[in-house]
**Student:** 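A single structure is presented below for examination.
So that the names make sense, note that chain A is the first sequence line, chain B the second, and so on, each numbered from 1.
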Amino acid sequence: MCGRFSLHTPEADIRAAFGVEPSMSVPADQLQPRYNITPSQDIAVVRSSSGGGRELAMARWGLVPGWSQQARPKFSTINARMESVAEKPTYRAAFRRRRCLIPADGFYEWQLAGDHKIPHYIQLQDESVFAFAGLWDHWQGEQPGFDSCAIITLPASGVMATIHSRMPAILAAADYNAWLDRGLADKSEIMPLLEHNLSGELQAYAVSNYVNSPKHTGARCIEPR
DNA sequence: CCAGACGTTGTT
DNA sequence: GTCTGG
DNA sequence: CCAGACGTTGTT
DNA sequence: GTCTGG
């Protein structure tokens, strides 16, 4: 699964990696370095803009489908299983029409070790910024509406399989365009993008349980234990 | 027909 | 034990 | 994901 | 909104 991640890459590098126009801006303080991003927080997403390019936006982590009666579902929607995302009522519309990239430069998984859990920090081997395969939706109630998002997960492979049974889908840069293409709605064309992921290019190391507390947000979270 | 659910992970 | 909040 | 809360009435 | 269960 994927329930915590980091994004501390400088904003200019993030924009360059995902081809986001500098003019399409999110509040300046939203792209400050973050080492312990948790569900329910607003996170950066990259999606197709109406003009045909890519835009950066903020969305709450935990997808709220447009038909939801409540602004906060009673069940967990931070992750969507690749095996069922195309069929689940909560995700299928977004899977067809509202896919997004979720910029990150590392994520955490907790490895079960007997009676306790050891958190690990996972990055690309070159430590560069990457994209989780994400979905977004818009919710509008009586209060002002908001965007929300979820990260797609799949069975762990490569180094991840030694730590945990599931992992987030990390897209190859060559697949960004197809992933963001709203005209691409066939499951048979979308699934290969998830299977063609970067699980073989990851590295991992154990960190201390300092990261466990959502109150801890600094670089100490990624220090080797 | 209407009412109610709509999810993931991990653990047992 | 289970739900909510971050 | 983990941490932390988990409640009511009445009074200030 | 759409599917499942009764």
**Student:** Starting the side chain at C-beta, find the nucleotide from dC1(D), dG5(C), dG7(B) nearest to Ile78(A).
**Tutor:**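 Of all the options, the side chain of Ile78(A) is nearest to dC1(D).
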
**Student:** With P as the reference atom in both, quote the distance from dC1(D) to dT11(B) in angstrom, rounded to an integer.
**Tutor:** 9 Å

**Student:** Look at all strands and tell whether Phe5(A) reaches a base, only sugar-phosphate, or nothing, counting heavy atoms closer than 4.0 Å.
**Tutor:** nothing

**Student:** Hey, which of these two, Cys2(A) or Thr90(A), hits DNA chain B nearer its 5' end, going by closest nucleotide?
**Tutor:** Thr90(A)

**Student:** Below 4.0 angstrom, N of the basic side chain to O of the carboxylate: do Asp186(A) and Arg96(A) qualify?
**Tutor:**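 Salt bridge absent between Asp186(A) and Arg96(A).
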
**Student:** With a 4.0 Å cut-off on N to O distance, would you call Glu87(A) and Lys187(A) a salt bridge?
**Tutor:** yes

**Student:** How many Å lie between CD on Gln69(A) and C1' on dC6(B), as a whole number?
**Tutor:** 12 Å

**Student:** Mind checking the P distance from dC2(D) to dT12(B)? Whole angstroms is fine.
**Tutor:** 15 Å

**Student:** Has Lys117(A) got a side-chain N or O lying under 4.0 Å from the OP1 or OP2 atom of dC2(D)?
**Tutor:** yes

**Student:** I want to check one thing: is the phosphate of dT9(B), taken as OP1 and OP2, less than 4.0 Å away from some side-chain N or O of Arg166(A)?
**Tutor:** yes

**Student:** Are OP1 or OP2 of dT9(B) and a side-chain N or O of Arg81(A) less than 4.0 angstrom apart?
**Tutor:**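 The answer is yes; a side-chain N or O of Arg81(A) sits under 4.0 Å from OP1 or OP2.
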
**Student:** Separation of Arg60(A) atom CZ from dT4(C) atom C1', in whole Å?
**Tutor:** 13 Å

**Student:** Can you tell which of dC6(B), dT8(B), dC1(D) lies closest to the side chain of Ser76(A)?
**Tutor:**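 Nearest to the side-chain atoms of Ser76(A), counting from C-beta on, is dT8(B).
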
**Student:** Expressed as a whole number of angstroms, how long is the span from Trp110(A):CH2 to dT9(B):C1'?
**Tutor:**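 About 13 Å, once rounded to whole Å.
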
**Student:** Side chain to side chain contact (heavy atoms under 4.5 Å, CB included), that's the test. Do Phe5(A) and Ile151(A) meet it? Break it down for me.
**Tutor:** CA-CA 11 Å; Phe5(A) 68 95; Ile151(A) 294 170; 4.2 Å; yes

**Student:** Roughly, in whole Å, what's the span from CE in Met167(A) to P in dC1(D)?
**Tutor:**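 These atoms are roughly 16 Å apart.
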
**Student:** Return the pairing partner of dG4(B) with a 3.5 Å limit on both distances, Watson-Crick or G-U wobble; otherwise return none.
**Tutor:** dC3(E)

**Student:** Verify side chain to side chain contact (heavy atoms under 4.5 Å, CB included) between Leu135(A) and Arg98(A), making sure each step is shown before the conclusion.
**Tutor:** CA-CA 6 Å; Leu135(A) 307 173; Arg98(A) 288 182 300 279; over 6 Å; no

**Student:** In whole angstroms, how far is the P atom of dT9(B) from the CG atom of Asn79(A)?
**Tutor:**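 Roughly 6 Å, once rounded to whole Å.
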
**Student:** Between dG7(B), dG6(C), dA3(D), spot the one nearest the side chain of Asn212(A), thanks.
**Tutor:**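 Out of dG7(B), dG6(C), dA3(D), the nucleotide with an atom closest to Asn212(A)'s side chain is dA3(D).
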
**Student:** Atom CG of Asn36(A) to atom C1' of dG5(C): distance rounded to whole Å?
**Tutor:** 14 Å

**Student:** Mind checking if Ser68(A) touches a base, just sugar-phosphate, or nothing, with heavy atoms under 4.0 Å?
**Tutor:**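 No contact.
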
**Student:** When all nucleic acid strands are considered with a 4.0 Å heavy-atom cut-off, which category describes Ser213(A): base, sugar-phosphate, or nothing?
**Tutor:**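 Contact class for Ser213(A): sugar-phosphate only.
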
**Student:** Could you walk me through whether Met191(A) and Phe95(A) pass the side chain to side chain contact (heavy atoms under 4.5 Å, CB included) test, one step at a time?
**Tutor:** CA-CA 10 Å; Met191(A) 285 303 174; Phe95(A) 180 74; 3.7 Å; yes

**Student:** For the base of dG7(B) and the side-chain ring of Phe75(A), does the geometry meet a stacking cutoff of under 5.5 Å between centres and under 30° between planes?
**Tutor:**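 No, Phe75(A) does not stack on the base of dG7(B), since the centre distance and plane angle fail the 5.5 Å and 30° test.
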
**Student:** Return the nearest nucleotide to the side chain of Lys215(A); candidates are dC2(D), dG4(D), dG6(C).
**Tutor:**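 Nearest listed nucleotide: dG4(D).
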
**Student:** State which of dG1(E), dA3(D), dT11(B) makes the closest approach to the side chain of Leu112(A).
**Tutor:** dT11(B)

**Student:** What heavy-atom pair brings Tyr108(A) and Tyr35(A) nearest, and what distance separates the two atoms?
**Tutor:**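 Nearest heavy atoms, Tyr108(A) then Tyr35(A): OH-O, 2.6 Å.
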
**Student:** What is the separation between atom CG on Leu135(A) and atom C1' on dC6(B), rounded to the nearest whole Å?
**Tutor:**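 Interatomic distance, CG of Leu135(A) to C1' of dC6(B): 15 Å.
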
**Student:** Give me the distance, rounded to whole Å, that separates dC6(B) from dT4(C) when you measure between the P atoms they each carry.
**Tutor:** 15 Å

**Student:** Would you say a side-chain N or O of Thr153(A) is under 4.0 Å from OP1 or OP2 of dT9(B)?
**Tutor:** yes

**Student:** Between dT8(B), dC2(D), dC3(E), which nucleotide has the shortest distance from any of its atoms to the side chain of Lys88(A)?
**Tutor:**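 In terms of side-chain proximity for Lys88(A), the closest of dT8(B), dC2(D), dC3(E) is dT8(B).
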
**Student:** Rounding to an integer number of Å, can you tell me how far Arg92(A) CZ sits from dT2(E) P?
**Tutor:**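 Distance check: Arg92(A) CZ to dT2(E) P gives 7 Å.
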
**Student:** Between dG5(C) and dT8(D), how far apart are the two P atoms, rounded to whole Å?
**Tutor:** 15 Å

**Student:** Under 4.0 Å, heavy atoms only, any strand: does Ala80(A) hit a base, just the sugar-phosphate, or nothing?
**Tutor:** sugar-phosphate

**Student:** Considering only dG6(C), dT8(B), dT9(B), which nucleotide approaches the side chain of Tyr91(A) most closely?
**Tutor:**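 Closest nucleotide among those given: dT8(B).
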
**Student:** Are more than 12 heavy atoms from other residues, nucleotides or ligands located less than 6.0 Å from atom CZ of Arg220(A)?
**Tutor:**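 For Arg220(A), atom CZ is not crowded (no more than 12 foreign heavy atoms under 6.0 Å).
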
